[in-house]
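Convention: sequence-line order gives letters A, B, ...; per-chain numbering from 1. It should be emphasised that the depicted structure is a prediction, and the values quoted were computed from it without experimental measurement.
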Protein chains: 2
Amino acid sequence: MKDVAARAGVGLKTVSRVVNEEAGVTPDTVARVQAAIEALGFRRNDSARLLRTRRTSSIGLVLEDVADPFYAALSRAVEDVARAHGALLFTGSSAEDPRREQELVLAFCARRVDGLVVVPASDDHRYLSPEIEAGVATVFVDRPAGHLDADVVLTDNAGGVRDGVAHLIAHGHRRIGFIGDQPGIHTAAERLRGYREAMAGANLPVGADWIAMGPTTPESVRAALGTMLSGPEPVTALLAGNNRVTVTAVRVLSGLPRPVALVGFDDFELADLLSPPVTVVAQDAPGLGRTAAQLLFRRLDGMAGEEPSRTELSARLIPRGSGEIPPSP
Amino acid sequence: MKDVAARAGVGLKTVSRVVNEEAGVTPDTVARVQAAIEALGFRRNDSARLLRTRRTSSIGLVLEDVADPFYAALSRAVEDVARAHGALLFTGSSAEDPRREQELVLAFCARRVDGLVVVPASDDHRYLSPEIEAGVATVFVDRPAGHLDADVVLTDNAGGVRDGVAHLIAHGHRRIGFIGDQPGIHTAAERLRGYREAMAGANLPVGADWIAMGPTTPESVRAALGTMLSGPEPVTALLAGNNRVTVTAVRVLSGLPRPVALVGFDDFELADLLSPPVTVVAQDAPGLGRTAAQLLFRRLDGMAGEEPSRTELSARLIPRGSGEIPPSP
DNA sequence: CCTGACCTTGACAACGTTGTCCATCTCTCG
DNA sequence: CGAGAGATGGACAACGTTGTCAAGGTCAGG
């Protein structure tokens with residue numbers, strides 16, 4: 001910038017004014033400065049700028065894994081909102097590791113991002129209090145923050161599973177299994193709650209073997225399904241608590257002599273190409289990201305003081321075939 | 001930092017030394033400073049730091065769309081390499097729009113990223129020359145840069161398609177169709193070249209209707225397939241030039257009375273769950289990202305001066321069923 | 001007791017920008 | 001023609017950090 005000023009024969013501040021398109025500079029001077037900028041290939045250093053303005057126009061996004069289609073869609077939605085507000089996006093994957101989440105968050109804060117969108121991997125976010133007090137707007141998505149009162153945008157997991165189970169019940173099923181992730185994970189616990197509520201709401205008993213919660217490896221899902229299907233009260237339908245479960249279930253069920261109905265939680269690409277096409281309860285990944293990001297920018301634009309909010313987006317049942325299979329005796 | 005120094009009763013520079021774990025500070029002083037840091041919740045401002053050190057420890061990644069599984073995987077690989085080098089990652093989606101690509105790249109440069117990984121959307125990257133001369137290491141991935149001599153990491157698109165077509169030929173096919181994207185896109189042109197080479201290499205003629213290049217909407221793919229399958233010399237096999245084509249082809253082919261063999265370019269999730277499972281030529285998305293990022297950091301660590309390099313990663317044929325269907329007369 | 005080497009510490013400038021404030025110049029109007 | 005107003009431009013400090021360098025303190029050896 002110094003060089004530009006020298007070359008154009010004007011003061012430092014005048015160049016700054018031109019760069020920022022501030023008023024009060026003669027068109028003639030503007031032209032001279034712009035020529036110098038062009039000639040020298042000058043580009044403003046935004047980091048130095050931030051030092052004065054205290055706004056970085058960048059936000060940080062921490063999620064579990066960018067490569068996961070669900071988070072990839074969420075990420076894209078956050079990016080679009082950020083772009084609309086003229087902000088850039090730092091992205092980081094926590095890989096479900098609380099330490100990594102904290103590292104990323106603090107690294108973003110050290111870069112002085114204006115705000116954070118976080119998919120929690122940790123269950124204790126007290127480490128964030130000083131940052132939030134220092135003015136870093138923070139919105140949690142997909143799961144609530146731990147021990148911290150902050151904005152959060154969630155899917156109505158329990159409601160979604162309730163709908164899915166109700167759908168199976170409506171198609172005549174009475175013995176319905178549920179396979180979900182470790183109950184320590186908030187979304188998994190919520191989905192289980194939805195299952196229990198739906199069954200209870202229809203006055204249906206839940207068999208001892210009908211629920212399996214734990215790491216959702218193909219092996220464990222296979223084992224759980226085996227138990228459910230071969231016990232004294234074999235299930236005629238399954239609600240799969242996440243994508244990994246759904247995929248394994250499709251494999252197992254397609255090899256069985258008698259059809260078993262299936263509703264998966266979370267949509268996935270090509271679900272409609274399988275045979276039978278898979279009925280799912282779809283979360284609105286872009287919606288989560290968009291809502292969270294919009295909330296973040298509203299906070300940044302003055303809504304800072306208000307009470308933390310909690311938003312729940314509903315999930316949507318998409319019938320495709322596998323969930324409409326009638327019970328086989 | 002000033003506050004910390006005051007509270008600990010030491011000089012500014014001493015705090016800086018403690019924060020950066022530099023040698024030459026009494027353990028006693030370190031303890032005092034650390035207590036003050038703790039008490040005040042101090043966090044170093046990395047942006048100010050950069051102003052002095054001229055290293056941001058951050059890199060920019062511009063790709064077509066983070067929500068696309070291929071780029072999501074690439075993105076994750078870049079992130080992992082960046083993390084290993086202690087760098088953070090700015091991500092941006094160009095949405096295949098040259099203007100947006102340039103905006104993103106220049107915004108990253110204004111933030112003074114140490115380096116860039118770019119999946120080109122534009123075909124002219126001369127606007128980047130000043131930045132590169134200013135020291136921003138840049139690596140292009142998936143497609144080469146336009147009018148700019150820079151590092152590039154590619155998939156061997158032509159070779160991959162050659163392998164795919166050869167596979168079909170080896171299974172007895174003589175009339176093979178090819179549907180690809182607009183020939184203006186580098187990867188599409190390369191894949192077409194691979195197809196032609198493979199056919200020529202086997203001394204097979206290419207029918208007038210066997211090649212369709214253009215926007216790969218479901219409608220256009222349906223139309224192209226219809227022509228290929230109903231002409232005087234109907235094809236018995238298809239090489240699908242990208243994922244979108246593959247998916248539409250699966251739908252169309254599954255509804256036909258006689259089986260048609262299919263090899264898709266680019267792997268996709270659940271390809272093995274379809275019936276028949278889809279044989280593909282798989283690109284190594286994480287490999288592209290990893291290689292590009294590693295190259296970037298090698299440049300940053302002193303390899304700066306050397307000649308730009310060009311790396312081609314080979315694609316891998318994964319037989320699953322659809323590509324092994326014999327020709328039906 | 002003095003000297004010199006070494007260790008610890010702090011003062012100060014610098015990085016590249018913007019905010020504040022004042023100086024100058026050019027009108028316009030009385 | 002002079003005064004006031006408005007437009008234009010620039011000097012300087014400040015943002016929060018680190019690099020440079022020199023000051024002071026300690027200790028061992030002569």
*Check every atom of C:dT18, D:dC15, D:dT18 against the side chain of A:Arg54 and return the nucleotide holding the closest atom.*
D:dC15
Could you pull out the protein-nucleic contacts involving nucleotides 9-13 of chain D (nitrogen or oxygen on both sides, under 3.5 Å)?
from   : atom 1 : to      : atom 2 : distance (Å)
D:dG9  : OP1    : A:Thr26 : OG1    : 3.1
D:dG9  : OP1    : A:Thr29 : OG1    : 2.3
D:dG9  : OP2    : A:Thr26 : N      : 3.4
D:dG9  : N7     : A:Arg17 : NH2    : 3.1
D:dG10 : OP1    : A:Gly11 : N      : 3.2
D:dG10 : OP2    : A:Gly11 : N      : 2.4
D:dG10 : OP2    : A:Thr14 : OG1    : 2.8
D:dG10 : N7     : A:Arg17 : NH2    : 2.8
D:dG10 : O6     : A:Arg17 : NH2    : 3.4

*In terms of side-chain geometry, is the basic nitrogen of B:Arg299 or B:Asp151 positioned less than 4.0 Å from the acidic oxygen of its partner?*
yes
_Nearest-angstrom distance from the residue atom CG of A:Leu50 to P of C:dT17_ = 13 Å
*Nearest-nucleotide wise, let me know which of B:Leu51 and A:Arg49 is further upstream toward the 5' end of DNA chain C.*
B:Leu51
*Would you please say whether a donor-acceptor pair under 3.5 Å links the side chains of A:Thr56 and A:Asp114?*
yes
*In terms of side-chain heavy atoms of B:Arg44, which of C:dT18, D:dT17, D:dC15 is nearest?*
D:dT17
*Using heavy atoms to find the nearest nucleotide of DNA chain C for A:Lys2 and A:Glu22 separately, return the residue whose nucleotide is more 5′.*
A:Lys2
_The test is side chain to side chain contact (heavy atoms under 4.5 Å, CB included); show your working for A:Asn45 and B:Arg112 and say whether it passes._
CA-CA 7 Å; A:Asn45 185 330; B:Arg112 293 296 187 273; 3.8 Å; yes
*asked:* Let's see if you get this right: which residues in residues 35-43 of chain B place a heavy atom under 4.0 Å from DNA chain C?
replied: none
*Round to the nearest Å and state the distance from A:Asp46 atom CG to C:dG16 atom C1'.*
11 Å
*Residues B:Arg76 and A:Asp65 bridged, charged N to O under 4.0 Å*: yes
*Does the side chain to side chain contact (heavy atoms under 4.5 Å, CB included) test come out yes or no for A:Ser309 and A:Leu295, once each step is laid out?*
CA-CA 9 Å; A:Ser309 71; A:Leu295 182 55; 3.6 Å; yes
*Please test A:Leu128 against A:Phe140 for side chain to side chain contact (heavy atoms under 4.5 Å, CB included), starting from the C-alpha separation and ending with a verdict.*
CA-CA 12 Å; A:Leu128 255 166; A:Phe140 291 84; 3.9 Å; yes
*Decide, yes or no, whether a salt bridge links B:Arg99 with B:Glu101 under the criterion of side-chain N to carboxylate O below 4.0 Å.*
no
*Salt bridge check: are B:Arg290 and B:Asp80 linked by an N-O gap of less than 4.0 Å?*
no
*asked:* Whole angstroms only, please: what is the CD-P distance between B:Glu21 and D:dT18?
replied: 12 Å
*Using a cut-off of 4.0 Å on non-hydrogen atoms, how would the nucleic acid contact of B:Asn20 be classed: base, sugar-phosphate, or nothing?*
sugar-phosphate
*Hey, is B:Arg143 close enough to B:Glu64 for a salt bridge, meaning N to O under 4.0 Å?*
yes
_Rounded to whole Å, please give me the gap between CG in A:Asp3 and C1' in C:dC15._
13 Å
*asked:* Side-chain N or O of A:Asn45 versus OP1/OP2 of C:dC15: is the shortest distance under 4.0 Å?
replied: no
